[in-house]
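Some notes on the structure that comes next.
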Amino acid sequence: MTDAPKDRVLIFDTTLRDGEQSPGATMTHAEKLEIAELLDDMGVDIIEAGFPVASEGDFRAVKEIAERSKQSVICGLARANPTDIDRCWEAVRHSERPRIHTFIGTSPLHRAIPNLDKEQMAERIEHTVTHARNLCDNVQWSPMDATRTEWDYLCRVVEIAIKAGATTINIPDTVGYTAPVESADLIRRLIATVPGADEVIFATHCHNDLGMATANSLAAVEGGARQIECTINGLGERAGNTALEEVVMALRTRGDIMPYDTGVDTKKIMHISRRVATVSGFPVQFNKAIVGKNAFAHESGIHQDGMLKNAETFEIMRPEDVGLSATSLVMGKHSGRAALRSKLSELGVEVGDNQLKDLFVRFKDLADRKKEVYDEDILALVTATTTDGMADRLELVNLAVQCGTGGPARAELEMEIDGTEVSATCEGDGPVDATFKAVRECYPNGAELQLYQVNAVTEGTDAQATVSVRLEEDGMIATGQSADTDTVVASARAYINALNRLLVRRDKAGPGSDAREISYKDVS
């Protein structure tokens with residue numbers, strides 16, 4: 001059993017497992033290691049690093065994350081069969097604090113898929129949880145679709161799992177069907193009814209299909225749950241999961257009615273939110289709670305007047321609480337490298353000397369072009385200068401475009417491909433279309449554009465544009481992102497960045513790329 005005081009809520013982050021299952025959100029090996037390191041550094045209690053049996057890539061990622069982790073428990077997911085559990089243990093056992101998480105669907109709908117009756121499923125649960133506990137003393141068990149499982153049967157299988165050695169019982173709202181009052185009541189009744197419930201930690205895993213994931217998770221805590229499963233930015237299947245930043249800040253902000261604590265360093269939230277948005281290719285919506293661009297923005301005259309007199313009139317938390325500076329403009333073209341490093345540290349971002357050198361060059365270039373350099377601008381630069389740790393085969397050398405009302409747009413592009421410069425001139429329906437056509441002429445490929453999205457990082461005509469591009473080729477999906485004050489340049493770099501990632505995955509399938517092809521049926 002994980003040792004945790006009654007007023008402590010454990011944060012279980014499943015961005016690298018459930019979050020990566022969002023269609024198109026598959027991460028590279030290097031990206032998974034990076035996100036795991038950020039989660040570990042910010043104080044997440046448990047990191048669900050992946051689904052080891054899903055692919056060789058997922059296994060390698062979980063294993064390496066387990067080897068590199070400094071403080072977090074490293075957990076792997078396994079279906080209710082010995083093959084999955086053995087593979088999971090082989091990956092997580094390298095951690096100083098390993099956990100096996102095994103699950104099976106217990107509702108009538110989910111029992112019908114493997115064609116198991118109640119007795120057969122009960123035997124399966126007892127056998128597999130026992131098998132996991134014989135390997136690892138930290139075992140989590142989940143009855144998938146628990147909120148639609150018959151009450152008597154749910155109590156029975158939870159009791160079986162506890163007796164078989166599970167130390168954490170997770171109650172998933174797999175399809176986001178529950179309301180907060182039901183979520184709290186379910187946990188409360190299980191703790192009061194099931195023998196041995198007071199000896200384990202109860203957890204909650206809520207999906208956001210009806211927009212109530214965070215509310216359901218907090219209600220479950222009120223009912224007695226002491227672990228919340230969540231993801232950065234709420235990334236996950238369908239409409240997503242409980243968002244880590246929302247529950248952590250809710251517990252911190254509303255300590256008057258929810259006197260619980262977490263070990264998460266909230267000042268690192270904004271940085272990891274931006275980084276996950278980049279590597280997943282899922283930009284954060286402007287009005288997203290806590291981490292959205294508009295979360296601390298005020299346009300209404302009444303709001304602005306109130307903010308000038310007392311910020312607490314319209315803000316329940318400070319920008320500094322999540323890693324933004326209270327002062328918007330503190331950096332400019334005369335700022336030095338030491339000042340930039342200090343600002344990055346203030347924003348919860350730590351970079352190595354080589355990355356700082358590259359970042360400083362781009363910062364000085366931006367400062368020459370922009371009147372005001374905001375925190376968001378600097379975070380966008382961090383995103384643009386973070387690579388997968390390997391040299392890009394395709395690089396943008398020069399781009400010139402002509403567009404207007406007089407005719408089709410024209411793009412003149414120079415690229416470097418494996419060290420050789422090539423060029424192309426193309427016309428298109430607008431400057432971006434012409435640019436993308438020129439890239440394809442320089443480097444012919446069959447990748448299809450699935451997403452093209454442009455967001456302004458800050459306000460004003462000199463704002464940086466952050467462009468996200470998602471490409472698909474032969475079932476492989478890759479995302480690219482870049483920021484620049486020139487939207488077309490940012491578009492070209494994002495497109496080329498996505499192509500570079502496709503090239504990497506063409507040579508070596510990315511970790512977890514086939515995870516969605518794995519169901520919870522038996523592996524023979």
Side-chain angles (χ1 to χ4, degrees), residues 22 24-25 27 31 34-35 38 232-235 245 269-288 290-297 319 322-325 328 331 343-344 347-349 351 355 358-359 361-363 365-367 369-388 392 396 399 401 430-432 435-436 439 449-471 478-501:
S22 298
M27 304 177 196
E31 289 166 349
E34 178 194 353
I35 298 303
L38 292 173
I232 300 296
N233 299 337
L235 194 65
E245 59 275 7
I269 283 176
M270 191 62 73
H271 174 50
I272 194 170
S273 168
R274 300 285 175 86
R275 191 64 191 127
V276 168
T278 299
V279 302
S280 68
F282 283 67
V284 178
Q285 65 195 59
F286 282 12
N287 63 334
K288 180 81 166 63
I290 316 297
V291 294
K293 175 185 172 183
N294 291 345
F296 297 98
V322 295
L324 289 176
S325 173
S328 295
M331 300 291 291
K343 164 54 72 175
L344 290 169
L347 295 173
V349 181
V351 297
Q355 187 179 355
D358 186 21
L359 188 61
V361 171
R362 297 204 65 186
F363 163 73
D365 177 63
L366 177 65
R369 290 182 287 150
K370 275 180 63 69
K371 295 179 181 179
E372 299 177 328
V373 180
Y374 296 92
D375 294 345
E376 292 87 349
D377 290 312
I378 294 172
L379 287 170
L381 286 178
V382 174
T383 292
T385 55
T386 302
T387 67
D388 294 341
D392 289 336
L396 176 65
L399 173 65
V401 295
V432 173
T435 298
F436 285 7
V439 172
L449 182 65
Q450 291 191 331
L451 171 74
Y452 173 75
Q453 189 167 27
V454 181
N455 292 320
V457 176
T458 52
E459 304 298 330
T461 56
D462 61 351
Q464 284 193 99
T466 296
V467 178
S468 299
V469 169
R470 186 184 305 153
L471 301 178
T479 59
Q481 191 174 73
S482 185
D484 197 278
T485 53
D486 188 318
T487 304
V488 182
V489 172
S491 300
R493 286 179 173 153
Y495 188 83
I496 291 171
N497 181 240
L499 283 175
N500 275 311
R501 294 186 178 192

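Inter-residue side-chain proximity for Arg493 and Ile496 is flagged as unmet; no heavy-atom pair is nearer than 4.5 Å. With a 4.5 Å cut-off on side-chain heavy atoms, Lys343 and Ile378 count as touching. Annotation: side chain of Val349 is in contact with side chain of Leu379 (closest heavy-atom distance under 4.5 Å). The shortest side-chain heavy-atom distance between Arg274 and Val291 does not fall under the 4.5 Å cut-off. A 4.5 Å side-chain heavy-atom check between Phe282 and Gln453 finds every atom pair outside the cut-off.
Nearest heavy-atom pair across Met270 and Ile290 is CE-O, 3.7 Å. Closest heavy-atom contact between Ala465 and Ala490: O-CB, 3.7 Å. Here the shortest heavy-atom pairing between Leu451 and Gly281 reads CD2-O, 3.8 Å. When every heavy atom of Val467 is checked against every heavy atom of Thr487, the shortest pair comes out as CG2-O, 4.0 Å. For Ala478 against Ala498, the heavy-atom pair with the smallest separation is CB-O, 3.6 Å.
The side chain to side chain donor-acceptor pair (under 3.5 Å) check on Ser468 picks up Gln481, with sequence neighbours excluded. Scored by the side chain to side chain donor-acceptor pair (under 3.5 Å) test, Thr479 finds no partners at all (sequence neighbours excluded).
Each of Leu359, Asp358, Asp365, Leu344 was scored for a side chain to side chain contact (heavy atoms under 4.5 Å, CB included) with Leu381, with one residue passing: Leu359. For the pairing with Ser280, the side chain to side chain contact (heavy atoms under 4.5 Å, CB included) check across Ile35, Leu235, Asn233 returns one residue only, Leu235.
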Determine, step by step, whether Ser273 and Val284 satisfy the side chain to side chain contact (heavy atoms under 4.5 Å, CB included) criterion, reporting the C-alpha distance in whole Å, the side-chain angles of both residues, the deciding distance to 0.1 Å, and the verdict.
-> CA-CA 8 Å; Ser273 168; Val284 178; 3.8 Å; yes
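Separation of atoms CD1 (Ile269) and CD (Glu245) is listed at 6.5 Å; rounding is to 0.5 Å. Taking NZ of Lys293 as the start and CG of Asn287 as the end, the distance is 12.0 Å to the nearest 0.5 Å.
Looking only at distances, a side-chain donor or acceptor of Gln464 sits under 3.5 Å from a matching main-chain atom of Asp377.
The aromatic rings of Phe436 and Tyr495 lie parallel to each other, with less than 30° between the two planes, well short of the 60° mark.
In summary, Asp484 and Arg369 engage in a salt bridge, as defined by a charged side-chain N under 4.0 Å from a carboxylate O.
Asn455 and Thr466 are not linked by any side-chain donor-acceptor pair at a separation below 3.5 angstrom, with hydrogens and angles left out of the test.
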